[in-house]
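The block underneath contains the structure these notes are about, expressed in structure tokens.
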Amino acid sequence: MARIQGSLADVSTEFEVYEPDTYTMQIKKVEVKTKDDENGGKDTRVQYIITLEFADGEYKGRKLMDFIEYHKKDGEINPIGQIQLKRYFEAVVGEERANEEDLDTDELLDGDVLVELKISSYTKDGKEKKNNKITSVSPLG
């Protein structure tokens, strides 16, 4: 057991969204997770989690995560997930390299990119929620 050192009374549990804009960010981490399908584990799906860090401005040093679903729930390849993942590779290693078959997510680490953020809204448990959505990733400069 670990005792909390201090009070959490002044800590908000509200999720803070970043203002919509285009930001310079650096890729700090790429995780690959696999999920078994809920229908008996017949299909394994892959999810890429890209952790980005704001490189400058008021959010400098803060992090944002992009969850890319490479497969749909039925196990089929998700074209939208493929497109989003390829955007990262094109921005960091270039279009020619992004089209090769031996890509490795390690090539993305410490890559600088321009990320366009929007705010999206959704309803959960009857409450309106907001989160950031990455709408584009492009090379820096």
Do the side chains of Phe67 and Leu117 join up, straight or via other hydrophobic residues, at under 4.5 Å, putting them in one cluster?
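Unlinked, Phe67 and Leu117 end up in two clusters.
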For the hydrophobic clusters of this structure (ILVMFWY residues joined by side-chain heavy atoms under 4.5 Å, transitively), does one cluster hold both Val32 and Val93?
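Yes, it is one cluster - the side chains of Val32 and Val93 are joined through contacts under 4.5 Å.
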Expected output: side-chain [X] to main-chain [Y] donor-acceptor under 3.5 Å:
{"X": "Gln26", "Y": "Gly111", "value": "no"}
{"X": "Gln84", "Y": "Gly81", "value": "no"}
{"X": "Asp125", "Y": "Lys127", "value": "no"}
{"X": "His71", "Y": "Val46", "value": "yes"}

Residues [X], [Y]: salt bridge by 4.0 Å N-O rule:
{"X": "Asp66", "Y": "Arg87", "result": "no"}
{"X": "Glu53", "Y": "Lys29", "result": "no"}
{"X": "Glu90", "Y": "Arg97", "result": "no"}
{"X": "Lys118", "Y": "Glu116", "result": "yes"}

Can you check salt bridge (charged side-chain N to carboxylate O under 4.0 Å, His left out) on Glu16 and Arg62, steps first, answer last?
CA-CA 12 Å; Glu16 179 185 358; Arg62 296 180 79 181; 2.7 Å; yes
Kindly indicate, with the supporting measurements, whether the criterion side-chain contact (heavy atoms from CB on, under 4.5 Å) is fulfilled by Gln82 and Tyr70.
CA-CA 6 Å; Gln82 284 184 310; Tyr70 199 76; 3.4 Å; yes
For [X], does the [atom1] atom sit with more than 12 other heavy atoms under 6.0 Å from it, leaving out its own atoms?
{"X": "Glu95", "atom1": "CD", "result": "no"}
{"X": "Asp102", "atom1": "CG", "result": "yes"}
{"X": "Lys63", "atom1": "NZ", "result": "yes"}
{"X": "Leu140", "atom1": "CG", "result": "yes"}
{"X": "Glu96", "atom1": "CD", "result": "no"}

Are Glu69 and Gln47 close enough that a side-chain donor and a side-chain acceptor fall under 3.5 Å?
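Present: a donor and an acceptor within the cut-off.
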With no hydrogens and no angle check, just 3.5 Å: does a side-chain donor-acceptor pair link Asn131 and Ser120?
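Yes, because at least one side-chain N or O of Asn131 sits under 3.5 Å from a partner of the opposite role on Ser120.
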Using side-chain contact (heavy atoms from CB on, under 4.5 Å), reason through Thr24 and Leu114 one step at a time and then give a plain yes or no.
CA-CA 5 Å; Thr24 301; Leu114 287 176; 3.5 Å; yes
I'd like to check [X] versus [Y] (side-chain heavy atoms, cut-off strictly below 4.5 Å). Are they in contact?
{"X": "Asp110", "Y": "Lys28", "result": "yes"}
{"X": "Pro20", "Y": "Ile119", "result": "yes"}
{"X": "Leu64", "Y": "Met25", "result": "yes"}

Nearest 0.5 Å, what's the [atom1]-[atom2] distance between [X] and [Y]?
{"X": "Leu85", "Y": "Thr105", "atom1": "CG", "atom2": "OG1", "value": "8.5 Å"}
{"X": "Met65", "Y": "Ile134", "atom1": "CE", "atom2": "CD1", "value": "10.5 Å"}
{"X": "Glu100", "Y": "Glu107", "atom1": "CD", "atom2": "CD", "value": "8.5 Å"}
{"X": "Lys129", "Y": "Thr123", "atom1": "NZ", "atom2": "OG1", "value": "10.0 Å"}
{"X": "Tyr48", "Y": "Leu108", "atom1": "OH", "atom2": "CG", "value": "10.0 Å"}
{"X": "Tyr88", "Y": "Ile50", "atom1": "OH", "atom2": "CD1", "value": "4.5 Å"}

List the atom of [X], the atom of [Y], and the distance in Å for their closest heavy-atom pair.
{"X": "Val115", "Y": "Val113", "result": "CG2-CG2, 3.7 Å"}
{"X": "Leu109", "Y": "Val30", "result": "CD2-N, 3.9 Å"}
{"X": "Ala98", "Y": "Leu103", "result": "O-CD1, 3.4 Å"}

Parallel, tilted or perpendicular for Tyr59 and Tyr18, by the 30°/60° rule?
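Taking Tyr18 first and then Tyr59, their aromatic rings stand perpendicular (interplane angle over 60°).
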